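Throughout, a chain's letter reflects where its sequence line sits, starting with A, and its residues are numbered from 1. Predicted model only: the values in this text are computed from it and were never measured.
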Amino acid sequence: MTKFLEVKNLSVSFPTEDGLVKASNDVSYSVDLGKTLAIVGESGSGKSVSNLAIMGLHNRATTQISGSAFLNLDEGPIDVITAPEETVRRLRGKVMSMIFQDPMSALHPYFSVGNQIAEAWSLYNEGSKRDGMKRAAEMLDLVGIPSAADRVKDYPHQFSGGMRQRVMIAMALVNNPKLLIADEPTTALDVTVQSQILKLIQEIQKEFNMAVILITHDLGVVAEVADNVCVMYGGKIVETSAIDEIFYRSQHPYTTALLDSIPRVDKFGSHRLKAISGQPPSLIGLPKGCSFAPRCQFVSHVAGSRCTTEDPELTEKAKDHFARCFLSTEQIHTLTGRSVTA
Amino acid sequence: MSSENILELRGLQKHFKVGGAFGRGKTLIKAVDGVDFTVGRGETVGLVGESGCGKTTVGRTVMKIYEPTAGSIIFEGEDISKLSRKDMKVRRSKMQMIFQDPYASLNPRHTVGTIIEAAYIIHKIEPAGGRVKAIQELLEMVGLNPEHINRFPHEFSGGQRQRIGIARALALKPHLIVADEPVSALDVSIQAQVVNLLDDLQKELGLSYLFVAHDLSVVQHISDRVVVMYLGKVMEIATTAELFANPRHPYTKALLSAVPIPDPIIERKRERIILTGDLPSPANPPTGCVFSTRCWKAQDRCISEAPLPIQISPNHTLACHYPEGTDTP
Ligand SMILES: Nc1ncnc2c1ncn2[C@@H]1O[C@H](COP(=O)(O)OP(=O)(O)OP(=O)(O)O)[C@@H](O)[C@H]1O
Ligand code: SF4
Ligand code: SF4
Ligand SMILES: [Mg+2]
């Protein structure tokens, strides 16, 4: 079964003075129309770079990219990694759009928001400036900006943080893209505004049957919106599956440790948090073996010293549930106290 | 005042005048506008609320980094609100601050040893056994290698840098620590380490914490009591268990309902209160109840009359005309 976006063995590396930074290492994932894939990881885990590659936003001269990312369009599949830059540029904003944590990175401070949305619209539509402004007002209204028709004339700085995020969403969606990549879209926002924005993205997704990739470090946000999840660590996907599999039947020590380490508002108690020792790896010259090994409490349960000498492959541990760990399913479930079956 | 309180704030106000060159058209921002609460000895009080609600300003005014506009700050039985800089210096060794950004708060050109030693130099303190030994003990206490005393901040990770900030704060053996978002700049997998460290230090040293943060999950974990602020005012104060299980102020209720829970089954069943609109500008707060422009329960009275904080039980105070759990008119 083909999905709308299919990413295969995508690697993105940046040559630097200190060595090659393998920011995203052989990642594969897919997302279908109407579905949300969450890519979760800590800073530096490589969550954003593969998606920037899909959008064609890396400088091809200074970035090494390999692998493929197919958009399965009505007129046939296109690999946006190998397609000419011109083709990718034409797809950007029309078929796929991206929004970021900081809306000001996407908005120009000196043009009215209506102007900028109209501009994005006119790239793919015939019509007068007036039509563009009308469309901009419609979009602002769609994303829930009060008195949209008046506010098209306002400049980005005249909007609050949450409203600016809405403006950026309006601009990203003005040409009804089929894929929306949202990179930490609510990280800078207060929780009350975060829930407004997440709800908005979900409503628009439903209405237009969009595929959504949500990049975040917040497992709460993942639980709120995702259908499927990729957990990234050290530039690699260490676990991927459907949401409930990840949260209730995780098969990777990093995922389980992360879930066990975070406090929750609904669980009152002054118990000690189960902290993960050590710190996330640097992406330059990753050590041999499993990149989580220096922090993993289960290394001794794997025969030999495999964890530190050999890098585990991403293997299917249960139906549609992949993890990168030498432990058997039974072992990990005994060790983490999670059940194996649904 | 009761001797169990290390800190007591009474009617604390901090107003800022901003903009308006040559004194014309200045606007007054009431960042903190009449705040009352206490921190007990050995207690952790969490101070929460949305961006710009005045949390940081409360913390900084308590530390007298900002001069209060009005009200009193009673620290260890003494009103410090009007003390001069010079007189504050002695007290300040007993109250220390930990900041959000471990990168910005450490001088990159100084070694860890020099950074911590500065506290001794400023306060002319010669710890028993010498400064080097004292600094190494502090590093050990916060879980850093004492041999790294001569390293520079950039040689440490974010979590380790926050530990340096904590070691520096502990150098003068403070009684109260004001921690402003001490874990929010850290990676998720590092936050628990620092939260546990703060917990351990409190037990070991009998510290009191004023823990300022927007992350309610962390606040819930670390605090004994929680103060909820909105637009410079206190909405609700209660013990943590009470506040999270039984929020009575509509704002607290909305805020808690918006915090995502890392549990998909719970999330699917959850009813969220989606507040409409944004936080009003503190330069132009709504009349009456400051939350009235976003409150789904607002009545005429809310717009005409500001609710005063009332104590509904020994451990629960709130400022609302129509609290949750009572009949709305
Ligand atoms: N030095 C200052 N001069 C002028 N205005 C200030 C100053 N410091 C704070 N303010 C204003 O006072 C209000 C309260 O700010 P404060 O930093 O205390 O909020 P906060 O609750 O800590 O927010 P955040 O969650 O964003 O840290 C804001 O409107 C802010 O812009
Ligand atoms: S492979 Fe070894 S080190 Fe890596 S996660 Fe599994 S048990 Fe831990
Ligand atoms: S006083 Fe009125 S507006 Fe304010 S929180 Fe209570 S019900 Fe809402
Ligand atoms: Mg603050």
For this session: Against chain A, work out which of B:Ala245, B:Ala241, B:Ser223, B:Gly158 has the most heavy-atom pairs shorter than 4.5 Å and name it.
Result: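 That would be B:Ala241.
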Problem set entry | Pairs of heavy atoms under 4.5 Å with chain A: top-ranked of B:Leu275, B:Ile274, B:Asn196 |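 Max contact count across the listed options: B:Asn196.
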How close do [X] and [Y] get, counting heavy atoms only, and between which atoms?
| X | Y | result |
| --- | --- | --- |
| A:Leu258 | B:Ser189 | CD1-CB, 4.0 Å |
| A:Ser195 | B:Ala258 | OG-CB, 3.7 Å |
| A:Ala275 | B:Gln193 | CB-N, 3.6 Å |
| B:Ile265 | A:Tyr248 | N-OH, 2.8 Å |

Chain B contacts, top residue of [options] (heavy-atom pairs, under 4.5 Å):
| options | result |
| --- | --- |
| A:Leu273, A:Ile276, A:Val193, A:Leu198 | A:Leu273 |
| A:Ala257, A:Ala223, A:Gly278 | A:Ala223 |
| A:Gly162, A:Pro280, A:Gly44, A:Ala226 | A:Pro280 |

For this session: Tell me, with the steps shown, if A:Val265 and B:Phe244 meet side-chain contact (heavy atoms from CB on, under 4.5 Å).
Result: CA-CA 7 Å; A:Val265 275; B:Phe244 282 76; 3.8 Å; yes
Interface moiety of [X] toward chain B, non-hydrogen atoms closer than 4.5 Å:
| X | value |
| --- | --- |
| A:Val221 | both |
| A:Ile262 | side chain |
| A:Lys199 | side chain |

Look up atom [atom1] in [X] and atom [atom2] in [Y], then write down how far apart they are to the nearest 0.5 Å.
| X | Y | atom1 | atom2 | answer |
| --- | --- | --- | --- | --- |
| A:Leu189 | B:His214 | CG | NE2 | 10.0 Å |
| B:Ile261 | A:Leu219 | CD1 | CG | 13.0 Å |
| B:Leu186 | A:Gln279 | CG | CD | 11.5 Å |

Residues [X] and [Y] bridged, charged N to O under 4.0 Å:
| X | Y | value |
| --- | --- | --- |
| B:Arg270 | A:Asp266 | no |
| A:Arg272 | B:Asp199 | no |
| B:Arg268 | A:Glu224 | no |

Interchain contact, [X] with chain A, by part (heavy-atom threshold 4.5 Å):
| X | answer |
| --- | --- |
| B:Thr276 | backbone |
| B:Gln191 | neither |
| B:Val218 | both |

Output yes when a side-chain donor or acceptor of [X] lies under 3.5 Å from a complementary backbone atom of [Y], and no otherwise.
| X | Y | value |
| --- | --- | --- |
| B:Gln220 | A:Arg264 | yes |
| A:Asp244 | B:Pro264 | no |
| A:Asp190 | B:Glu50 | no |
| A:Gln194 | B:Pro260 | no |

For this session: State whether the number of non-hydrogen atoms from other residues, nucleotides or ligands found under 6.0 Å of A:Gln297 atom CD is greater than 12.
Result: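 It does not: A:Gln297 CD has 12 such atoms or fewer within range.
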Exercise. Does the side chain of A:Pro263 come within less than 4.5 Å of B:Val195's, by heavy atoms?
Worked result: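 SC-SC contact between B:Val195 and A:Pro263 ruled out.
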Exercise. Can B:Glu267 and A:Val225 be said to form a side-chain contact (heavy atoms from CB on, under 4.5 Å), step by step?
Worked result: CA-CA 9 Å; B:Glu267 277 297 334; A:Val225 300; over 6 Å; no
